[in-house]
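Structure record follows, encoded as C-alpha cells.
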Amino acid sequence: MRSIRGRRASVQPAVVRASLGQAQGRLSPPPARAMPLLSILLLTLLLSAAAPEKHLAVYSTVANYSLPIMQREGRDYVGLLELLDPLGTVSAKSEPPRWRIHYNKVLGDFTAGKSRALVQGRDADLNGKFLLENGRGLVPLASLNSLLPRILGGPATLHEESGRLFIGNVATHFTASVSSDDPARLVFHFTAPVNPSVASEPGKLRLSFRREPLTAPASPVLTFGSKIIPSADYSESNGAAEISVTTTIPLLATFSPDGRTITLAPPKPQPSASAPVPPRQETTAVNVPATAAPRATPQQSNNQSPPSAPPPTSAARRYFAVVDASHGGNDRGEALSPALAEKDITVAFARRLRQELESRGISTLVLRDSDANLSLDDRAFFANSMHAAVYIAMHAASNGHGVRVYTALLPYGGEDDRGPFRSWTSAQTSALPLSQAAAASVAGEMKKVQVTVRTLTAPLRPLNNIVTAAIAVEVAPPASDLSPLTAPDYQQLIAGAVANGIVAIRSQLGAAP
C-alpha cells in the first residue's frame, strides 16, 4: 500500500532541549537522586512526540493507498487533493479564502472556515469547517461519506472509527468454518486474494490485513462449536482489519496458491525415522456425487457433457438452502450506476444471506461465490443436484423501492413428464405451492421491518427449472439514492428478513422432496 503523506507538525528534539535548558537556568542544579525523574520525564516527552500517526486506508479498483489523518480543532481531517490524486485527473487552485478543485469534469468550490461547499453548483454539507493551510485544502474526515459520491459519481463507504474508506464495490468478504471431521482445523475462504501478517500468542492467533479491503461478517464474533477453536473476533483500527482466533492449542496458518483460502491447523507431527510411512492414497469428494443425478435435466444432445461440478470439498454436505447470486462473469446484469454492476450487489447480498441463515441453524450453499460465468441451466442443474429444501435467487435493481419477491410463472400446457424425468421447462410445477408459501413468508417478514415489498410471478429462469421451493428476491434501494445497496446495515436488514421468512416455514420446507 503506497502512502501519500502531507505536511504535518512535529515536535523537534531541539525544542525539548531548549525548554529543559531554560528550566535548569531558573532552578538550582538537581541532586543526583532526582536525575531518574528527569530521565523519565524526557523519555515520556520523546515517546509522546513519536506516537503512531493515524492513517486513512483507501481501497478502490484503481489503487489501494493510505493518507495521514490530521487533528485540527479537535477533529479528524484529510487533504482532499491527496485523496483524489490516485483516482483520476485532479488539480486545485487556491485564491484565499476560496479553494477550487477539478476532478475529471467535476468542479468543487470550497471556502475557508465554511461548513458547506459547492460541487457542480450544488450545495454540499461538510460536517465541519473547511480548512485552507498554505494552499492545501483539508476536509473533515466525517464529510467523505456524503462528499465523495458527489465528486466521484459512485458509492463511497467510510468506516470513520477505524480509518478505512471503500470506493466502489471493492470489499473482500470471508467465511470461516471448522472442519466437520477435524475440530482443530479452521478454514477461511476469501472472495479475493489476501496476504495478511500472522502473529500468535498464548490462546490467540491474529491475522492482520493492512492492504486488503476486508469487511466485517454479519456478526463480528464468530462461534464454531469447537472446544479447540471456540471463536474468532473481527475488528478494525487505524486503517487495518484483524481477525483474532481463540484457540486452546498452537495453530499454524497455511495459504492456498491463489491466496483465497487460509487454513489454521496444529503442526503436523514429524514421522519417526524408524517407522516407514505408507504412501498416501489421494481421494476426491465433490459436492454433487456421481449417483446424485438431477430429477429435472436440461435438453442436451447425447454427446454434450453436463456442466462441471462445483469445486471439490473434503466431504459431501447436505444443504437445506441454496442461495444463488444472479449474473456474474461476463454477465454484469443491470448497470445500477456507472461504477456499480448488479452482479456485484447480488453476490454481496448472497454472502450476507448465507451468514444470516447459518446463524439461524440453516445449512446454506452460495451457488456463485465469485465473479464466475454460470449459465441458467448450470444453476438449475446444481440446485437440483443438491436436493436442498429451498432455492433463493438474489437480484438487484435501481428502479422502484424496497423488495420484490418472485415465484415462477409456468408455461401453459407444458411438456408431459416421462418416466423418472421431469419436463425441464415446468419442473417447478409440483413445488409451486411451497414456493408461494416461502414468498409470502419472506414478504411478511419484510413488512415487519418496514421494508416496502411486493410479491409477483414471472417466467424468471431458472425458477421454472427448479424441482423444490424456489423464489427470487430482487432488492432495490429504499429511495432514489443507490448507496444503501452497498451499505452493510441495509444488506443485513434485507438478509435478516429473508432468513426469518425461511425459518418461519422451515418445517413445511423440510418435508419437500
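If you're wondering where the values come from, they're calculated on a predicted model, not measured in any experiment.
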Thinking salt bridges, do [X] and [Y] make one under a 4.0 Å N-O criterion?
| X | Y | result |
| --- | --- | --- |
| E133 | R72 | yes |
| D324 | R368 | no |
| K448 | E445 | yes |
| D369 | R351 | yes |
| E342 | R332 | no |
| D377 | R461 | yes |
| E358 | R360 | no |

Quiz item: How far apart are the C-alpha atoms of H401 and T452, what are their side-chain angles, what is the distance that settles it, and do they pass the side-chain hydrogen bond (donor to acceptor under 3.5 Å, both in side chains) test?
Solution: CA-CA 7 Å; H401 301 143; T452 303; over 6 Å; no
Do [X] and [Y] make a side-chain contact, defined as non-hydrogen atoms from C-beta onward lying under 4.5 Å apart?
| X | Y | result |
| --- | --- | --- |
| V473 | V403 | yes |
| V78 | L138 | no |
| R379 | L367 | yes |
| L152 | L87 | yes |
| L83 | L67 | yes |

Please report the shortest heavy-atom distance between [X] and [Y], naming the atom on each side.
| X | Y | value |
| --- | --- | --- |
| R164 | L214 | NH1-O, 2.7 Å |
| G137 | F130 | CA-CZ, 3.5 Å |
| V347 | A325 | CA-CB, 3.5 Å |
| Q428 | L463 | CB-O, 3.4 Å |
| I466 | A380 | CD1-CA, 3.7 Å |

Quiz item: Distance from T61 atom OG1 to I167 atom CD1, nearest 0.5 Å?
Solution: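 If I round to the nearest 0.5 Å, the distance is 8.5 Å.
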Quiz item: Rounded to the nearest 0.5 Å, what separation is found between the CD atom of E334 and the CG atom of N399?
Solution: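 Between atom CD of E334 and atom CG of N399 there are 6.0 Å.
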Practice problem: Taking ring-ring contact (aromatic ring centres under 6.0 Å, His included) as the test, write out the residues that go with F349, two or more places apart. | Solution: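 Result, ring-ring contact (aromatic ring centres under 6.0 Å, His included) vs F349: none returned.
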Quiz item: How about T191 and H173: does a side-chain donor come under 3.5 Å of a side-chain acceptor?
Solution: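 Checked: T191/H173 side chains show no N/O donor-acceptor pair below 3.5 Å.
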Exercise. Would you kindly say whether H102 and S91 are connected by a side-chain donor-acceptor distance under 3.5 Å?
Key: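 Per modelled atom types, H102 and S91 side chains form no pair under 3.5 Å.
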Practice problem: For the residue pair H159 and F166, categorise the inter-ring angle as parallel (less than 30°), tilted (30 to 60°) or perpendicular (more than 60°). | Solution: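 Answer is tilted, since the angle falls between 30° and 60°.
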Practice problem: Show your working on side-chain hydrogen bond (donor to acceptor under 3.5 Å, both in side chains) between R354 and T364 and close with a plain yes or no. | Solution: CA-CA 6 Å; R354 172 177 55 194; T364 305; over 6 Å; no
Practice problem: Check each of E160, Q71, M70 against D76 using the side chain to side chain contact (heavy atoms under 4.5 Å, CB included) test, and report the only one that passes. | Solution: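 Answer after filtering E160, Q71, M70: Q71.
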Exercise. Not counting sequence neighbours, list each pair that qualifies as a side-chain hydrogen bond (donor to acceptor under 3.5 Å, both in side chains) and has a residue in residues 122-131.
Key: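 Qualifying pairs: R116-D123.
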Self-check item: Within the 6.0 Å centroid threshold, strictly below: F190 and F209
Solution: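 Yes, they do, as the ring centres are separated by less than 6.0 Å.
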